[in-house]
Chemist: 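One structure is given below, represented as C-alpha cells, and several questions about it will come after.
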There are 2 protein chains.
Amino acid sequence: MNENPNRFQQMCKKLKSSGYKLTPQRMAVIKILSERTDHPNPEKIYSLLKKLLPTTSPATVYKTLAILKKLDEVLEIQYSNQSNRYDGVKPAPHPHIYCKKCKKFSDLELLLHGQLIEEIKDSTDYEIESIYLSIEGICPDCKSSVS
Amino acid sequence: MNENPNRFQQMCKKLKSSGYKLTPQRMAVIKILSERTDHPNPEKIYSLLKKLLPTTSPATVYKTLAILKKLDEVLEIQYSNQSNRYDGVKPAPHPHIYCKKCKKFSDLELLLHGQLIEEIKDSTDYEIESIYLSIEGICPDCKSSVS
DNA sequence: ATACGTGCAAATACTTTGCAGGCTT
DNA sequence: AAGCCTGCAAAGTATTTGCACGTAT
C-alpha cells in the first residue's frame, strides 16, 4: 500500500544535501511525517514528537515544516480556518477529500486529473506551478452514523 | 461581462428573507461584494466600507461575511496563510487561478469542470458538498515584467 | 571557535466573542 | 419595550520571531 517506503531516508537526504543539519528533532519530525498518511497538523505532530523527545517545542515543529515545505518534501494543505495539515508521504499536490464531520483528509485518485492539468496548462497564459483540488463532504462512515 | 447584474438585490433579499435585518452596514458590505470581482479580503472590504460609513468596525465586516457565507451568498476562498478572500459575484465554488507575484485571484473557466464533478461523484462514497480547485502560478503580466 | 539549531517566551496576524449602548419596529 | 445590530475592546487561535543557550563539527 505504501507507495514510497523510503520517504524517511529521502527526506533526511534532501535536508542534508540542502545544507541543513540532521538533528534528532528534525529526524523525529521526518519520521512522523514519513509514516503518517492521515495529514496531521502541527499540533498533532508536536504531540507525537513529545513522546519521542519530551522537551521539544512547537516552534521546532513549525520550523522543520517550513524547511521541508521549501524543499518540496512535504505538502501543506490549507483548509478552512483550521490549522494546516501536512503530507510528507506524497509531497506533490494531489486531490484530497475532506469529511466535514470527522475532519479526516483522505487522498483521492482521479482519472481525469492528468487531463485536467493539460487543460489548465493549455487554457491560460499563466506559468502554472501547482494545482490544488480539494473536495469536501461527508464520508461514508459519518453518513451512516446517526450523527 | 457581468454575469449577474442583480447580485446586490439578490443578496439583500436573501438576507431579509432569512430573518436578518438590512442595516446600512450590511447593505454597504453587500454593495462592495456585489461589485468586486477581485476577490477582496476582509481588510480590503473594511477599508472600502469605511469610505461609505466612517465609524464601522472590522467586526461588522466579519459578522456580515459570516452570515453571507452561511447563506451561500458569498464564496470564501482560502489560500496559503493569507487572510481569506471573498467572492460575492459568483458565490458557487468555481476554479481560481492565483498569481504568486501580484497576489491576484482570477476566475478560470474549465471545460472539464463538469466532467470532473461527475467523476468525483461517481468515484467516492462521500456525499459531496463542494469542490475547490485552485491553481497557482505566475500571471502573464508578472512573467513579462523584469522580476 | 564558529555556525547552526533549539526551546522558551513574546510578538504577530487574523478572526471571534462579550458586552454596553443604540436603533428599529 | 423588546430584540437585533453595531462597534469597541478583549480574547482566542495559529504561527512566527528574537534571543540566549547548547551542541556538533
Side-chain angles (χ1 to χ4, degrees), chain A residues 11-12 14-33 39-71 74-86 103 105, chain B residues 11-12 14-33 39-71 74-86 103 105:
Chain A
M11 288 197 262
C12 289
K14 183 70 165 283
L15 251 202
K16 196 139 201 202
S17 67
S18 305
Y20 295 98
K21 290 193 178 152
L22 255 184
T23 64
Q25 288 88 340
R26 287 176 179 167
M27 286 177 70
V29 171
I30 289 174
K31 187 144 214 310
I32 291 164
L33 287 170
H39 314 86
N41 61 16
E43 194 191 350
K44 177 77 185 175
I45 295 167
Y46 174 57
S47 77
L48 294 165
L49 179 63
K50 258 196 307 195
K51 289 180 191 164
L52 303 170
L53 300 167
T55 66
T56 42
S57 70
T60 298
V61 173
Y62 282 105
K63 285 169 183 169
T64 305
L65 288 171
I67 294 169
L68 293 172
K69 182 181 156 192
K70 194 168 61 183
L71 299 178
V74 85
L75 175 68
E76 188 181 74
I77 307 164
Q78 288 107 25
Y79 178 74
S80 198
N81 296 335
Q82 300 176 23
S83 66
N84 291 338
R85 306 292 199 94
Y86 293 87
K103 301 185 188 307
F105 264 100
Chain B
M11 286 197 263
C12 289
K14 182 70 166 281
L15 251 202
K16 196 139 200 205
S17 68
S18 304
Y20 297 98
K21 291 195 178 150
L22 256 185
T23 64
Q25 288 86 343
R26 287 177 180 167
M27 285 178 71
V29 172
I30 289 174
K31 186 145 214 312
I32 291 163
L33 287 170
H39 314 87
N41 61 17
E43 194 190 352
K44 178 78 185 171
I45 296 168
Y46 174 58
S47 77
L48 294 166
L49 180 63
K50 258 195 306 194
K51 291 180 191 164
L52 303 170
L53 300 167
T55 67
T56 41
S57 71
T60 298
V61 173
Y62 282 106
K63 285 169 184 169
T64 305
L65 287 171
I67 293 169
L68 293 171
K69 182 180 156 193
K70 194 168 61 182
L71 299 178
V74 86
L75 176 68
E76 188 181 74
I77 307 163
Q78 288 108 25
Y79 178 74
S80 197
N81 296 335
Q82 300 176 23
S83 65
N84 291 339
R85 306 294 197 94
Y86 292 86
K103 300 184 190 307
F105 263 101

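Order of the sequence lines fixes the chain letters, A, B, ..., with proteins taken first and strands second; residue numbering starts at 1 for each chain. All values below were derived from every heavy atom in this structure, side-chain atoms included, with hydrogens, water molecules and symmetry-related copies excluded.
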Chemist: What integer distance in Å separates B/I30:CD1 from D/dC5:C1'?
Modeler: 14 Å

Chemist: Can you tell me the distance, in whole Å, between the CG atom of A/L52 and the P atom of C/dG7?
Modeler: 12 Å

Chemist: Indicate yes or no: at least one non-hydrogen side-chain atom of B/R26 is less than 4.5 angstrom from one of B/L15.
Modeler: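 Of all side-chain heavy-atom pairs linking B/L15 with B/R26, at least one is under 4.5 Å.
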
Chemist: Check step by step if side-chain contact (heavy atoms from CB on, under 4.5 Å) holds for B/Y86 and B/I77.
Modeler: CA-CA 6 Å; B/Y86 292 86; B/I77 307 163; over 6 Å; no

Chemist: Quick one: A/L22 CG to C/dG5 C1', roughly how many Å, whole number?
Modeler: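 Going from A/L22 (CG) to C/dG5 (C1'), I get 12 Å.
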
Chemist: Produce the list of close N/O pairs, under 3.5 Å, pairing protein atoms with atoms of nucleotides 6-13 of chain D; give distances to one decimal.
Modeler:
from  : atom 1 : to    : atom 2 : distance (Å)
D/dT6 : OP1    : B/T23 : OG1    : 2.6
D/dT6 : O3'    : B/Q25 : NE2    : 3.0
D/dG7 : OP1    : B/Q25 : NE2    : 3.3
D/dG7 : OP1    : B/T55 : OG1    : 3.2
D/dG7 : OP2    : B/T60 : OG1    : 3.1
D/dG7 : O5'    : B/T55 : O      : 3.4
D/dG7 : O6     : B/K63 : NZ     : 2.6

Chemist: Heavy-atom distance under 4.5 Å between the side chains of B/V29 and B/L49, does that happen here?
Modeler: yes

Chemist: Ignoring the backbone of A/Y62, work out which of D/dA14, C/dC14, C/dG5 is nearest its side chain.
Modeler: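 The answer is D/dA14, which lies nearest to the side chain.
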
Chemist: Can you find a pair of side-chain heavy atoms, one from A/I45 and one from A/L65, that are under 4.5 Å apart?
Modeler: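 When only atoms from C-beta onward are counted, A/L65 and A/I45 do touch, with a gap below 4.5 Å.
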
Chemist: Between CG of A/L33 and CG of A/L48, what distance do you get to the nearest 0.5 Å?
Modeler: 9.5 Å

Chemist: Measure CD1/B/I45 against P/C/dC14 and give the value in whole Å, please.
Modeler: 14 Å

Chemist: Measure from CZ on B/R85 to C1' on C/dC14 and round the result to the nearest Å.
Modeler: 14 Å

Chemist: Within the structure shown, what part of the strands sits under 4.0 Å from A/N41 by heavy-atom distance: base, sugar-phosphate, or nothing?
Modeler: nothing

Chemist: Classify the ring geometry between A/Y79 and A/F105 as parallel (under 30°), tilted (30 to 60°) or perpendicular (over 60°).
Modeler: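 Because their plane-to-plane angle is over 60°, the rings of A/Y79 and A/F105 count as perpendicular.
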
